[in-house]
Amino acid sequence: MMNRSLIVANWKMHLNVQQASLYVHHFNKVLNYHRSVEVVLAPTLLALQPLSLEVDRRKIHLAAQNAYDKDEGPYTGEVSFTMLSGLVDYAIIGHSERRIYFSESLELIRDKVTAAIRNGIKPILCIGESKPERTAGETKRVIHDQLMSAISNLTAEEVKNVTVAYEPVWAISTFGGENAEPNEIQKVIDYIRYQISELYGAKVSNDVRVLYGGSVDDDSVGGYLALDGCDGTLVGAASLDYQSFASIIDKAFLVYQSKKKD
Ligand code: PGA
């Protein structure tokens with residue numbers, strides 16, 4: 001039986017504390033609770049504390065969008081995974097906006113993944129090739145390098161707590177939002193699982209959740225979630241509207257039910 005679906009809202013640098021709280025207030029009214037679908041909100045860091053008091057944590061989990069790899073020390077402006085532990089269940093790590101705008105290296109991302117696990121926070125590791133890399137036929141190499149380096153410090157038991165989000169840079173709304181064909185995505189999801197199974201065995205590879213992300217909305221999401229081995233989605237722009245995010249969750253439930261029957 002497949003894992004629960006995981007549907008993550010990445011609000012990026014949108015919705016201030018007040019707006020985030022209002023969102024949750026409305027979202028609670030339209031959200032249908034499905035046991036087979038896990039819902040995660042990744043608001044601005046500032047909103048994590050107030051939202052943690054506002055959400056029913058049996059129904060909605062919280063994620064940080066980023067944190068620093070050191071647990072404590074003289075690192076002005078940074079927040080550690082240690083400080084976030086107890087507040088969030090997940091942390092998004094290695095998002096392409098962080099890799100590109102903040103020059104996050106493979107090594108830094110590996111250290112952040114390690115720090116998250118060390119502090120009991122489940123990483124949502126984002127990986128994906130850019131448009132020029134795709135055109136040059138380098139997708140597999142990029143996926144291999146980003147994935148293998150990020151999990152290289154982890155034991156097989158720890159890897160099971162990692163969720164991998166495949167987010168081709170060219171499909172993310174920030175970088176152009178080109179439409180990705182589900183059959184093209186299937187090949188990469190298969191490759192991600194293959195890579196994990198080569199290193200940690202088929203059982204671990206099955207336990208790791210693999211998501212798709214890149215301009216997903218309530219129309220397009222079904223096609224991705226229906227893919228073999230796709231356990232959910234990371235939603236950016238479409239998650240800023242609580243109605244459309246709630247519709248994505250309902251779609252995920254329907255797809256989960258039909259996959260279970262297969
Ligand atoms: P998008 O963002 O849905 O707006 O393309 C996805 C992401 O960046 O995680």
Side-chain angles (χ1 to χ4, degrees), residues 5-15 19-20 23 27 37-45 47-48 61-67 88-104 109 112-113 116 122-131 133-134 139 142-143 146-147 150 162-182 184-185 188-189 192 209-225 227 230-252 255:
S5 280
L6 183 63
I7 308 295
V8 186
N10 176 12
W11 291 349
K12 309 189 178 183
M13 204 172 70
H14 298 288
L15 306 184
Q19 291 164 330
Y23 179 113
F27 184 54
V37 182
E38 187 175 352
V39 177
V40 177
L41 300 179
T44 167
L45 187 64
L48 284 172
H61 291 147
L62 294 175
Q65 294 178 19
N66 180 38
V88 299
D89 292 296
Y90 292 92
I92 297 174
I93 299 176
H95 191 279
S96 56
E97 286 153 18
R98 299 226 46 100
R99 293 181 194 261
I100 294 167
Y101 296 149
F102 301 96
S103 308
E104 290 200 359
I109 290 164
K112 288 186 175 195
V113 168
K122 290 176 261 184
I124 299 171
L125 168 70
C126 300
I127 58 175
E129 80 288 1
S130 67
K131 178 97 192 242
E133 287 164 344
R134 178 192 188 212
T139 299
V142 173
I143 294 302
Q146 293 184 349
L147 176 62
V162 175
T163 294
V164 179
Y166 172 49
E167 300 209 304
V169 175
W170 46 270
I172 296 176
S173 60
T174 320
F175 302 107
E178 246 179 77
N179 186 31
E181 286 300 326
E184 211 178 324
I185 302 305
V188 184
I189 290 177
I192 290 169
R209 283 191 287 196
V210 180
L211 315 183
Y212 173 71
S215 300
V216 164
D217 60 23
D218 49 350
D219 277 338
S220 64
V221 72
Y224 300 115
L225 292 176
L227 296 173
C230 181
D231 302 315
T233 181
L234 182 51
V235 190
S239 73
L240 294 172
D241 177 312
Y242 65 88
Q243 303 265 22
S244 76
F245 191 54
S247 309
I248 289 173
I249 290 158
D250 290 339
K251 279 266 171 66
V255 174

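Every number for a ligand or one of its atoms is a count from 1 in the order of the listing. Values reported hereafter were calculated over all heavy atoms of this structure, with side chains retained and with hydrogens, waters and symmetry mates removed.
- Both the backbone and the side chain of Ile172 come within 4.0 Å of ligand 1, judged by heavy-atom distances.
- Residues Arg99 and Glu167 are not paired through a salt bridge, judged by the lack of any N-O separation under 4.0 Å between the basic side chain and the carboxylate.
- Heavy-atom contacts of Ser215 reach the following atoms of ligand 1: 1 (P), 3 (O), 5 (O) (cutoff under 4.0 Å).
- Ranking protein heavy atoms by distance to atom 4 (O) of ligand 1, first place goes to Ser173 OG, 2.5 Å.
- Using a 4.0 Å cut-off to heavy atoms of Gly236, the atoms of ligand 1 that qualify are 1 (P), 2 (O), 3 (O), 4 (O), 6 (C).
- Listed by number with element, the atoms of ligand 1 under 4.0 Å from a non-hydrogen atom of His95 are 7 (C), 8 (O), 9 (O).
- For a threshold of 3.5 Å applied to N or O pairs, the pair formed by Glu167 and ligand 1 contains at least one separation below that value.
- Counting only heavy atoms from C-beta outward, the side chains of Ser215 and Trp170 never approach each other to under 4.5 Å.
- Rounding to the nearest 0.5 Å gives a distance of 6.5 Å between CG of Leu125 and CG of Leu147.
- The contact set between ligand 1 and Lys12, taken as ligand atoms under 4.0 Å from a residue heavy atom, comprises 2 (O), 7 (C), 8 (O).
- Close contacts of ligand 1 with Asn10, meaning ligand atoms under 4.0 Å from a residue heavy atom, involve 9 (O).
- From Lys251, atom NZ reaches atom OG of Ser5 across 13.5 Å, with rounding to the nearest 0.5 Å.
- Residue Ala237 places at least one N or O, backbone or side chain, under 3.5 Å from an N or O of ligand 1.
- Interface of Leu234 with ligand 1, defined as ligand atoms under 4.0 Å from a residue heavy atom, comprises 9 (O).
- Each of Val40, Leu234, Thr233 was scored for a side-chain contact (heavy atoms from CB on, under 4.5 Å) with Leu6, with one residue passing: Val40.
- Tested against Tyr90 for a side-chain contact (heavy atoms from CB on, under 4.5 Å), the candidates Leu62, Ile124, Leu41, Val8 yield a single pass: Ile124.
- The structure places CD of Glu97 at 9.0 Å from CD of Gln65, a figure rounded to the nearest 0.5 Å.
- The closest side-chain donor-acceptor pair between Asp217 and Ser220 falls under 3.5 angstrom.
- The shortest heavy-atom distance from Gly214 to ligand 1 is under 4.0 Å.
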